[in-house]
Colleague: 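Here you go, one structure.
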Number of protein chains: 2
Amino acid sequence: MAFTYAFARPALTVDCVVFGFRDQQLVVLLIERGEQPFAGKWALPGGFVHDDETLDGAAERELVEEAGLRISYLEQLYTFGALDRDPRERVVTVAYVALVNPAQHELRASTDARRAAWFDVRERPALAFDHEAIVEQALERLRSKVRYRPIGFGLLDDTFTLTELQKLYEVIVGRALDKRNFRKKILKLGLIVPTDQKERGVPRRAARFFTFDRGRYDALTESGFDLELI
Amino acid sequence: MAFTYAFARPALTVDCVVFGFRDQQLVVLLIERGEQPFAGKWALPGGFVHDDETLDGAAERELVEEAGLRISYLEQLYTFGALDRDPRERVVTVAYVALVNPAQHELRASTDARRAAWFDVRERPALAFDHEAIVEQALERLRSKVRYRPIGFGLLDDTFTLTELQKLYEVIVGRALDKRNFRKKILKLGLIVPTDQKERGVPRRAARFFTFDRGRYDALTESGFDLELI
DNA sequence: ACAAAAGTGTTAGAATTACACCCATGA
DNA sequence: TCATGGGTGTAATTCTAACACTTTTGT
């Protein structure tokens with residue numbers, strides 16, 4: 001197929017900042033580029049938007065194609081349109097933030113054989129294009145969003161201990177939180193409920209597992225709530 | 001000029017939701033469409049992104065071309081990419097929110113002779129394309145942003161009374177605010193300072209004019225503040 | 001018995017909310 | 001002198017933040 005236009009129009013891509021939580025650290029998914037420009041450099045997963053798919057659809061497709069990921073949370077972040085952000089031609093990219101539990105997803109080799117890997121966000125390599133700026137903005141969004149929406153649960157297993165949840169929040173907001181205040185606040189919301197399961201085989205008092213109450217969350221969302229989580 | 005691509009790529013436009021404050025009401029700028037589709041319908045100002053301009057640049061250009069507006073505040077909102085949002089062909093649009101003081105800008109006739117006019121946001125006409133949804137999302141952004149960033153000042157004259165400022169906030173957040181509490185809170189921030197001017201010729205006690213202290217705002221912004229305005 | 005993290009309340013201080021009257025001005 | 005909105009303080013309540021010891025479990 002070839003299409004002809006009366007004037008130049010920018011190419012359109014999507015790029016995804018996929019965050020995970022592993023070994024008590026926030027990690028980000030990167031893809032090693034196989035071709036020029038920036039061959040051998042790490043970059044965000046993404047690619048061109050097809051003419052017959054939505055933006056969200058393109059983001060989901062790229063994540064499946066490039067890493068075999070099926071995502072639990074996907075949110076549009078910002079659209080980047082600097083003139084020189086791609087050295088080949090004008091490319092505008094719609095950036096997304098996605099959250100995933102790395103333990104539940106084996107990273108599959110990309111369909112075009114490029115490597116995909118998780119990196120600690122604080123020790124990530126230099127990135128291709130303007131992806132550095134995109135990751136920074138995604139971190140900002142994550143940090144501000146986590147304060148009033150319970151998005152963090154997408155990063156954890158279905159059941160989790162309160163300490164795990166607190167560590168996740170601490171990693172995202174970048175400071176230590178008070179254990180008792182954190183538990184009071186998070187439990188008062190009623191969004192997470194205790195199960196009757198406990199940790200097993202740990203050399204200490206076993207922690208109770210909790211689970212996210214999606215029904216209650218949906219009910220709250222209806223009535224236009226204001227969370228103020230931490 | 002004609003450009004040929006190996007595969008279809010969506011067309012890219014910008015659309016602007018321009019808010020103003022007039023007669024104690026929040027108003028939005030609309031343009032009457034001259035051509036199909038939606039000829040005669042009102043729509044958001046906007047148009048195609050040229051290959052040699054940034055997204056912000058395209059938004060600014062369209063506002064000048066279509067309404068003669070030079071804007072004080074412009075912020076990217078969201079990118080809309082539903083497949084059928086334009087009946088002619090696939091068009092992805094990057095939406096912007098802009099704030100302007102209508103009293104300081106005479107609306108100029110559009111370069112292609114379409115009408116531009118302000119409408120009370122609550123009594124706006126039915127809009128072309130998916131512009132209804134874009135305006136709704138812009139209102140949400142305005143309402144949430146105004147709570148922690150002092151963006152409202154772009155909508156007022158350089159000097160304003162505290163009652164004018166309070167009315168503006170009330171219109172945006174959609175509820176009455178307590179006069180004493182509002183003044184305490186807004187003055188404690190130190191972002192607005194009294195002038196020695198007062199209203200003249202009003203049949204009541206004259207109100208003092210205040211002005212926004214941009215220097216202080218920039219200083220606060222540096223140190224990563226958290227406003228919590230109302 | 002020891003090491004290691006789980007679990008649990010109280011109190012002081014800060015912030016928020018509710019609330020009513022006198023004042024200045026022009027007509 | 002009257003009508004109109006401008007301007008001002010306090011007290012009750014709620015929310016936030018700081019803080020330490022006992023419990024459970026496996027080795």
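Just so we're on the same page: letters track the sequence lines, and every chain starts at 1. Computed from a predicted structure; not experimentally measured.
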Colleague: Quick one: B/R208 CZ to C/dC23 C1', roughly how many Å, whole number?
Modeller: 14 Å
Colleague: When the distance from CG of A/L162 to P of C/dA5 is rounded to whole Å, what number comes out?
Modeller: 16 Å
Colleague: Tell me the interatomic distance from B/E199, atom CD, to D/dT4, atom C1', rounded to whole angstroms.
Modeller: 11 Å
Colleague: Can you tell whether the side chains of B/E60 and B/R70 come within less than 4.0 Å, N to carboxylate O?
Modeller: no
Colleague: Rounding to an integer number of Å, can you tell me how far A/L189 CG sits from D/dC15 C1'?
Modeller: 14 Å
Colleague: Would you mind classifying the nucleic acid contact of B/T161 as base, sugar-phosphate or nothing, using non-hydrogen atoms under 4.0 angstrom?
Modeller: nothing
Colleague: Picking from D/dC19, C/dC23, C/dG7, which would you name as closest to the side chain of A/R205?
Modeller: C/dG7
Colleague: Counting any heavy atom closer than 4.0 Å, what does A/K185 reach on the DNA or RNA strands: base, sugar-phosphate only, or nothing?
Modeller: sugar-phosphate
Colleague: Say you draw a straight line from CZ of B/R216 to CG of B/L191; how long is it, rounded to the nearest 0.5 Å?
Modeller: 6.0 Å
Colleague: Nearest-Å distance, CG (A/L187) to C1' (C/dG9)?
Modeller: 14 Å
Colleague: If I take atom CD in residue B/Q24 and atom C1' in nucleotide D/dG5, what distance separates them, rounded to the nearest angstrom?
Modeller: 12 Å
Colleague: Rounded to the nearest 0.5 Å, how far does CD of B/Q25 lie from CG of B/L168?
Modeller: 11.0 Å
Colleague: I want to verify a distance call: between D/dG6, D/dG9, D/dT25, whose nearest atom is closest to the A/K198 side chain?
Modeller: D/dT25
Colleague: Can you figure out which of D/dG7, C/dA6, D/dT10 approaches the side chain of A/R183 most closely?
Modeller: C/dA6
Colleague: Heavy atoms, side chains only, cut-off 4.5 Å: are B/E199 and B/R204 in contact?
Modeller: yes
Colleague: Name the closest nucleotide to the B/N181 side chain, picking from C/dC19, C/dA4, D/dT24.
Modeller: C/dC19
Colleague: Please pick, from D/dT25, C/dT10, C/dG7, the nucleotide with the shortest atom-to-atom distance to any side-chain atom of A/K184.
Modeller: C/dT10
Colleague: May I have the distance from B/K167 (atom NZ) to D/dT4 (atom C1'), rounded to whole angstrom?
Modeller: 13 Å
Colleague: Find the distance B/L177:CG to C/dA18:P and express it as a whole number of Å.
Modeller: 11 Å
Colleague: Between A/K179 and A/P203, just flag the one whose closest nucleotide in DNA chain C comes earlier from the 5' side.
Modeller: A/P203
Colleague: Which one, D/dG5, D/dT10, C/dG7, comes nearest to the side chain of B/R204?
Modeller: D/dG5
Colleague: Does OP1 or OP2 of D/dG6 have a side-chain N or O of B/T163 closer than 4.0 Å?
Modeller: yes
Colleague: Tell me whether the centres of the aromatic rings in A/F209 and A/F160 are closer together than 6.0 Å.
Modeller: no
Colleague: B/R180 side chain: which of C/dA6, D/dG9, D/dG6 is closest?
Modeller: D/dG9
